[in-house]
Every structure is written in structure tokens, then in C-alpha cells.
Amino acid sequence: MEALVRRHSLAVLPGDGVGPEVIDAALAVLDAAQERFGFATDRVEVPLGADHYLATGQLLTDDVTATLREQDAILFGAIGSPKVAPGILEHGIILALRGAMKQAINLRPVRLYPGVPTPIAGLTPERCDLVIVRENTEGSYVARGSTVHAGTPAQVAVQESINTWYAVERAVDFAYRLASARRKKLTLCHKTNVLVEAGKLWLAVMEQVGERYPDVEQDYVHVDAMCMHLPVSPERFDVVVTDNLFGDIVTDLGAVLQGGLGVAASGNLNLVGTHPSMFEPIHGSAPDIAGKGWANPAGACLSMAMMLGHLGEGQAAAAVEAATTAVLAELPALAGADMGANTSELGQRIASRLRDDSAPPVKDSLMSDLATVMTGLRS
Ligand code: IPM
Ligand code: MG
């Protein structure tokens, strides 16, 4: 009789540019994790992206949505191409996916791992371990607005930002819950002094939801001030909750603190378990370096670790995180031609550190605890 093996179904979306390179590396690491921890994945590759769009005219179709919905998780590379006008793939695929799979928040840890070089002088791992909870469904990402007098000097563009109590509350509630499982401090990042209508709603939600979490300290910073505090005193932050656009912007800065864009991971989380969550490095498709092997696969590998934590493979998640960050700490540079190895070789190196269990363990792994945090939400 065949031994019982834990199985997880995965949709893999490599996408454009360096997406397929970093996803190949992450899958090699996943293979090693499966061997060591005794679980299996059934993977279905979905060819969404610029080339598929140019060949077929298709973005996210109902058929693909139905296939994705049946999976336990989605592993995503990057999408975007200079061959397609801005906005088409971003709205038609990435944001469409986050919406269709009801991925209410985008979880973006900002953690400097031991030995990893950061461009921020004097920054140490002890001072840099926070999590940004980005509202993932609305704000100015709702694609609402209009243009009149297009193509004339009188052109007028209106771009709307939508904030509903419902979506803000579920993001803020998740952030409080995460903070109460960590260092018990939640910071709202917004621009309430200028965006007063949206600001009033976010502040009121913070206050009302905060009553359910009396042990969590509440803090507030304006988004511009955040860009000053984050590199200078990241230790001020534990969990940060913010609007979709502010979250997009400050997490690129957060990535820099951790060593660069190639290193940062994210999870688009469906908080109620009705649809799969999706895990993606926060970097883009980087078409200028595609095909050269210059992309750092760490962001994809750490996103995959987060996926494993979410799937309940906490030990494997912690081991992938440890192996990835151990390899990162050995690199002469964190991106480009100077990394000392190409994307695929780095994937192999991380996989072998995982196989021989030679990486020092990571303390307080968010990745490995993700299932617990999420289960708490559903109870
Ligand atoms: C990100 C990216 C996307 C976003 C783009 C590509 C649509 O910048 O995941 O941070 O703005 O969310
Ligand atoms: Mg971004």
C-alpha cells in the first residue's frame, strides 16, 4: 500500500521577465523541501503573462480563475513587459488575481537577516524585524476614474480612491491579531492630514477595532514621515497597517532595508479560506536583466517559504527560510552580475543547504507560524 503523504495542490505562475528564472529556482528548493520533510505537491503551471496575452489576447479568463480556485495555493513570479502598454497586465492579471481570489491583505515582512548586507549604515538584524500589512483590494487600485479631452492640452484625469469600512476593518483586524502574536504594537501609516476623508475612516476603524485588542499599543505615522523613520529607526515598528498604494511604496523601501528588492517576500492572503492565497516576490519582471541569470531568487524562495507556512508545513517553511538566508549572507553582492553565481545556481545552493540541514535556524520565524496566525483568524 502506498504510504500516506501530505499533498498540496499548487498553481505556478512564472509570468514574465525574470519571473520564470526565480520561480525555477524556488521550485528546485521546494523539491528539496519535499524530500526532506516528506510531503508532496501537485503543480499546475499557468501561462499567464505578456507573451500569452500577445499571442491570444487573454488576460485572467474565467477558465483560469476556476482552475486556480481549486488549488491550495498559488506561487507567482512577476508580470509586466515593455511590449504591453502600462496597466493592461497589471490590472488584467495581478490585481485581477488578488481580487478574484479575495486576497484581502498583502503581508510583507521587513526583516534583516543576520549577515545580510544592507545599504543602511549601522542597521542590525535586532533593529529590523517588522511586518507591513497592506490592504490589498481597494484604495487607488480600484481602477476607477475617467479622462476627458484626451490627447488635448485640456486633458483632465480623475483617479478615484475607494475605502470601505468592510475592507479596511478586515485588514486592520488582521494587523491587530498579528501584532498581538508579536511585540504588541500596531502602527497605522496614512496621510490623514491631507486625505482627510479616507483618513477619518482608517482612524475610526483603528480605534474601534483596537478596543478588541486592549494589549496592543496603537501608533500612527504619516506616510512621508514613514519614509524617514523606516530607514533610520525601523525598531520603532512591529506591525504596520496601511492603504494599498502607501503599502506598495513603503514596501519597496522596506525591501532596501533587507538588502534589496530581490530579497523581499510577500503573501497575498485570503483570510477566510474560500480561495487560495498567492505568494510572490515583491520585485517586478525586470525585463532589462531577464535571461542573464542576474535576478536574486531569494525573494521567490522566501515567498515560497511563506506559502509552506500557510499550507501548514511550518518546519519546512522555517528550514527554507534558514537555508535561503544563510546563502544570502554568503553572497558578495545581492543582485546582478556580482552575486558570484547565477539565479539557477543560487537555487541549487539553497536546495543543498536545505538537504544537508547546514543552515543555522531562524529565530521567531513568521513564515513558519503563518498557519497558526491564519487559523486563529478563522476560529
Ligand atoms: C507590487 C507591484 C504591483 C503593485 C504592480 C506590479 C501592480 O508593484 O506587488 O508591489 O503595485 O501591487
Ligand atoms: Mg510594488
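Note that the coordinates shown come from a computational prediction; the quantities given were computed from them, not determined experimentally. Order of listing sets the numbers, starting from 1, for every ligand and every atom in it.
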Ligand 1 contacted by R108 (non-hydrogen, < 4.0 Å): yes
Any N or O of E90 closer than 3.5 Å to N or O of ligand 1: no
Basic-acidic side-chain contact under 4.0 Å: R212, D173: yes
Contact (N/O only, under 3.5 Å) between E280 and ligand 1: no
Cationic N near anionic O, under 4.0 Å, R170 to E138: no
For Y141, atoms of ligand 1 separated by under 4.0 Å from a heavy atom: 4 (C), 11 (O), 12 (O)
Salt-bridge present (K83, D16; N to O < 4.0 Å): no
Of all N/O/S atoms in D248, the name of the one nearest the Mg ion (ligand 2): OD1
Test item, H91 contacting ligand 1 (heavy atom, 4.0 angstrom): no
K184 bridged to D238 by N-O distance under 4.0 Å: no
Side chain to side chain contact (heavy atoms under 4.5 Å, CB included), paired with R134, selected from V250, D248, V241: D248
Sub-4.0 Å atoms of ligand 1 with respect to non-hydrogen atoms of R98: 1 (C), 4 (C), 9 (O), 12 (O)
Steps toward ring-ring contact (aromatic ring centres under 6.0 Å, His included) verdict (Y220, H190): CA-CA 8 Å; Y220 172 82; H190 205 277; 7.5 Å; no
For I94, the ligand 1 atoms whose distance to one of its heavy atoms is below 4.0 Å: 6 (C)
Ion pair check, R182 and D129, cut-off under 4.0 Å: yes
Identity and separation of the nearest protein heavy atom to atom 10 (O) of ligand 1: D248 OD1, 2.8 Å
